[in-house]
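Counting starts at 1 for both ligands and their atoms, in listed order. Basis for what follows: all heavy atoms, side chains included, without hydrogens, waters or symmetry-related copies.
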Amino acid sequence: MAKQATPTVQKYEYQAELKELLHLIVHSLYTHPEVFMRELISNASDALNKVRFRMLTDKDILDAEADLEIRINVDSKEHTISIEDSGIGMTKEDLIKRIGTVASSGTVEFLKELQKDKKNLDAQLIGQFGVGFYSVFMVTDEVVIETRHADKDSVGLRWKSDGKGSFTIEEIDKPRRGTKIYFKLKDDAKEFAEEHRIKHIIQKYSNFVDFPIKLNNETVNRVEALWHKNKSEIKEEELNEFYKFISNDFQDPLGHLHLSIEGAVNFKALVFIPQSAPPVMFRPEEERGLHLYSNKIFIQDDCKDLLPDYLRFVRGVVDTEDLPLNVSREVTQSSPVMAKIRQTLVNKILALLEDWAKNEPSKYETFYKNFGPIFKLGVNSDYSNRERLIELLRMESTMTEKGHLTSLKDYVSRMNTDQKEIYYLSGESRDLLEKNPNLEYFTKREIEVLLLTDPVDVFVIPSIGEYDKKPLKSIEKADLDLEKDQDDQTERLNENLTKSLIEVFKETLGDRVEDVIESKRLVDSPATLVVGKEGLDPQMERMMKMMQKDFSGSKRILEINTAHPLIKNLSRLNMGNSTDPLLRKSILQLYEGALLIDGNLSSPTDFVNRMTEIMIEATKG
Ligand code: ADP
């Protein structure tokens with residue numbers, strides 16, 4: 001039974017630490033005073049959660065039938081705000097111990113340090129130190145709390161403070177359970193007396209609070225905590241709407257995951273893979289991560305720590321009870337809870353992608369074409385999932401139709417038993433790659449070559465080293481395990497002629513090349529440039545050159561096709577007179593022609609002038 005309210009007003013001094021804290025709050029510059037609303041709603045929501053939990057086992061409490069809700073009243077004329085909940089309420093001891101004390105010692109020191117470093121104390125931090133309630137003193141000079149605990153024998157209490165040195169508590173007649181906080185706004189905080197302003201703040205910070213929030217009698221948080229519902233209860237339409245709401249995308253998502261994880265770590269998550277990459281996707285500083293909730297209370301909307309960089313296109317929310325709401329970003333980052341959530345999320349997202357790759361290949365291809373350039377970088381950064389990520393790689397090849405992709409696994413399944421290596425060729429576009437002379441050998445023998453056209457590929461594919469015990473090799477490299485065709489009927493220059501011609505080539509080209517050798521790979525072209533064993537992939541070099549003007553790259557090896565009529569002609573000239581100017585000119589021209597195909601010819605003028613001279617010779621008849 002409620003006790004009779006006594007009129008005595010008792011005065012209490014704040015704990016010294018709290019005084020300092022209040023001083024800091026009121027006299028420091030805050031960037032987001034609006035967070036006071038989030039803090040008060042969050043406290044109200046906590047109190048409602050507590051009473052809801054208690055009622056699971058104990059119906060014998062005050063006001064057992066009360067609606068669980070938060071009522072906010074804003075009076076734009078009087079500049080007053082009140083926030084009332086039907087939650088668990090507070091006892092006198094709560095008011096003294098919880099409201100009048102700084103929960104964790106060291107908080108004030110920490111805040112002071114922060115202030116020293118940053119000059120501006122960010123109000124976003126306030127809620128993260130267990131002192132959220134006091135943020136209200138950013139917008140008012142005096143606060144009143146009226147509260148009554150849910151225990152039947154509790155009394156109504158009024159707490160009042162100017163936020164300076166002391167507070168008072170008196171018993172009042174309050175028949176209903178719960179807490180009401182009210183105050184008059186300071187002159188410089190009058191903007192918060194505008195209903196639409198408060199509505200906006202609620203929608204920004206508390207839209208997913210699980211209890212109705214009524215602002216001047218109108219419910220303003222229409223969005224439910226979808227992720228807390230059962231999968232079967234959620235309509236696809238709702239999912240799509242929710243996705244658009246949190247991502248600002250106008251299209252439906254490509255797919256989603258709804259997780260409810262219990263065990264070593266507990267969390268619920270609703271994450272989405274977008275249909276296509278937004279324009280800012282490739283500008284990391286503009287990206288947003290997942291929204292983090294702690295028990296339906298919004299904590300952060302750009303929580304990058306929940307996903308590795310290579311999954312940064314994933315959108316959605318994660319809600320965990322394992323993180324206290326009053327946790328700072330710094331703490332969040334290093335929290336083992338976050339690490340566990342992240343691990344589970346990555347695992348589940350990869351499983352989803354694996355499922356698409358297997359059962360819905362065209363969906364996977366859509367995903368891969370949009371996000372592949374980001375996603376495949378995981379191979380180089382997430383070593384614990386490296387094998388899975390390698391299986392998820394896709395690329396075009398000489399055996400796929402233009403625009404269609406294959407996996408390494410499928411490539412290997414098509415290999416002949418005598419093929420020991422996996423071959424790739426990288427470059428700007430498929431059309432260019434198909435004309436590359438280095439491909440001739442492979443085309444003739446129907447050996448599949450992966451065609452890599454995404455610039456990122458040259459960082460990823462060579463780093464794989466080998467797949468299924470088969471080394472991955474660029475066909476532009478000299479150390480390929482190529483066999484001479486046994487029943488090759490083409491007539492080639494004999495060993496001596498070849499040796500002698502190679503000498504002239506070397507003499508003419510000097511240190512332009514690393515070496516000149518007889519080619520095993522050319523069929524239709526007279527010559528080609530390849531990279532030495534230690535050299536970078538040529539496509540990688542091209543990119544380095546684009547980024548660094550003075551990047552010279554490694555020297556190339558020139559391979560000559562001793563079955564080609566031009567090479568045979570040159571050999572004949574060489575036999576007649578090894579210093580024949582036409583022979584020397586032709587060698588330079590062949591070399592520069594190969595450079596041209598490679599995209600590495602720096603001066604076309606010499607090339608064209610020499611060509612003119614050679615044409616004059618050829619036509620002089
Ligand atoms: P935090 O919420 O981070 O613990 P606060 O300073 O915001 O820090 O609140 C201190 C404590 O006061 C809360 O933990 C809670 O016990 C109590 N409290 C605040 N607001 C309410 C409320 N509306 N109903 C019940 N208890 C409350």
Does this structure show an ion pair linking [X] with [Y], if we count only N-O contacts that are shorter than 4.0 Å?
X	Y	answer
Arg394	Glu365	no
Glu233	Lys229	no
Glu69	Arg71	yes

Review point. Strictly under 6.0 Å, is that where the ring centroids of Phe137 and Phe183 end up?
Key: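 Phe137 vs Phe183: aromatic centres not under 6.0 Å.
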Check your understanding: Any heavy atom of Glu39 sitting closer than 4.0 Å to ligand 1?
Key -> no
Review point. Does ligand 1 have an atom under 4.0 Å from some heavy atom of Ile99?
Key: yes
Point to revise | Contact (N/O only, under 3.5 Å) between Asp46 and ligand 1 | key: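 No, there is no polar N/O contact under 3.5 Å.
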Review point. Is Phe133 close to ligand 1, meaning an N/O of one under 3.5 Å from an N/O of the other?
Key: yes
**Study point:** Those atoms of ligand 1 less than 4.0 Å from some heavy atom in Ala47
**Key:** 24 (N), 25 (C)
Check your understanding: Just which atoms of ligand 1 are under 4.0 Å from any heavy atom in Met90?
Key -> 17 (C), 18 (N), 21 (C), 25 (C), 26 (N), 27 (C)
Review point. Any idea which part of Arg98 is under 4.0 Å from ligand 1, heavy-atom wise: side chain, backbone, both or neither?
Key: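 Contact part for Arg98 vs ligand 1: both backbone and side chain.
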Check your understanding: So which bit of Asp85 gets within less than 4.0 Å of ligand 1, heavy atoms only: side chain, backbone, both or neither?
Key -> side chain
Study note, to complete from the structure: Here the pair of heavy atoms bringing Phe371 nearest to Pro274 is CE1-O, 3.4 Å
Review point. Honestly, is Lys363 close enough over Phe367, meaning NZ or CZ under 6.0 Å from the six-membered ring centre and within 45° of the axis?
Key: no
